Amino acid sequence: MLLTKTHRHVAIGLIVMGLAFVTFAYPSNVQTFLNVIQGLQLIATVSLIYGILKKDPLHKDKFLLFWMVSTAIFFFALVFCSFSYMGEYHYDDFFIVMLILLGMWIVAAAVACFLYLMYQEYIVLTQNNRVAGLSLPAANAFNPTVETKENPPPYIAPTSENMTVSIQS
């Protein structure tokens with residue numbers, strides 16, 4: 001009961017949001033950049049939870065896609081911050097620097113793993129929507145409300161057989 005898709009999606013979204021809040025402990029030279037990413041991840045997680053818990057499944061894949069794009073941006077921000085931290089020179093506390101880098105890479109690996117799991121669910125959801133006919137282009141297909149019963153007469157091009165010529169003097 002606790003391992004349904006809905007609970008799994010909500011748990012993954014909240015865990016990634018928690019990992020985004022953990023980035024407050026990162027060095028201060030990249031903190032302004034990470035604050036923007038944290039805000040984006042918060043909006044994406046709230047929209048993911050709304051998209052999962054709403055009753056109509058028509059746009060659930062769009063909410064998952066928005067969350068996956070923002071989480072991919074968050075992942076690349078984590079990788080960028082770890083390389084930025086690695087670029088700084090810390091000669092006196094090498095062991096602590098390696099522990100911090102290991103922590104950064106573990107967080108990035110966890111985000112990548114959760115992103116992969118949600119991508120697998122996204123593929124299944126889009127395939128199910130196509131089979132069930134819930135995709136957006138099929139829902140917005142043009143259905144004419146007025147039907148015409150008579151077809152217009154066919155166009156007959158003028159030829160020498162159906163054209164008369166009269167010469168007046």
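Because the structure is predicted, anything quoted here is derived from the model rather than measured. Position 1 is the first residue of the sequence; numbering continues from there. The basis for the numbers below is simple: all heavy atoms, side chains too, and nothing from hydrogens, waters or symmetry mates.
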| said: Applying ring pair (Phe, Tyr, Trp, His ring centres under 6.0 Å), can you list everything that pairs with F80, at least two apart in sequence or on another chain? | reply: F33
| Pairs where residues 42-54 contributes a residue and the test side chain to side chain donor-acceptor pair (under 3.5 Å) is met, not counting sequence neighbours | none
| request: Quick one: list whatever passes ring pair (Phe, Tyr, Trp, His ring centres under 6.0 Å) with F76, sequence neighbours left out. | output: none
Name every donor-acceptor pair, under 3.5 Å, that has one atom in a side chain of residues 14-25 and the other anywhere in the protein, sequence neighbours excluded.
unit_1: T23; atom_1: OG1; unit_2: A20; atom_2: O; d: 2.5
unit_1: T23; atom_1: OG1; unit_2: Q38; atom_2: NE2; d: 2.5

| request: Check whether L125 and I123 end up in the same hydrophobic cluster, where Ile, Leu, Val, Met, Phe, Trp and Tyr are linked by side-chain heavy atoms less than 4.5 Å apart. | output: yes
| task | Kindly compute the distance separating CD1 (I73) from CE (M68), expressed to the nearest 0.5 Å. | result | 12.5 Å
| Is there a path from F74 to V69 through hydrophobic residues (I, L, V, M, F, W, Y) whose side chains come within less than 4.5 Å of each other? | yes
| task | Tell me, with the steps shown, if I52 and W67 meet side chain to side chain contact (heavy atoms under 4.5 Å, CB included). | result | CA-CA 11 Å; I52 289 171; W67 183 85; over 6 Å; no
| field | Within-4.5 Å side-chain heavy-atom neighbours: L34 and C81 | value | yes
Which pairs would a plain distance check flag for residues 98-121, meaning a side-chain donor or acceptor within less than 3.5 Å of a matching protein atom at least two apart in sequence or in another chain?
unit_1: W105; atom_1: NE1; unit_2: S82; atom_2: OG; d: 3.1
unit_1: Y116; atom_1: OH; unit_2: Q120; atom_2: NE2; d: 3.1

| task | Show your working on side chain to side chain contact (heavy atoms under 4.5 Å, CB included) between L65 and Y122 and close with a plain yes or no. | result | CA-CA 8 Å; L65 185 64; Y122 175 76; 4.0 Å; yes
| message | Please report the interatomic distance OG1(T71) to CD1(I37), rounded to the nearest 0.5 Å. | response | 10.5 Å
| query | For F75, which residues count as a ring pair (Phe, Tyr, Trp, His ring centres under 6.0 Å) partner, sequence neighbours excluded? | reply | none
| said: Rounded at 0.5 Å granularity, tell me how far NE2 in H9 sits from CG in L53. | reply: 11.5 Å
| said: Could you measure the distance from the NZ atom of K62 to the OG1 atom of T126? Nearest 0.5 Å is fine. | reply: 9.0 Å
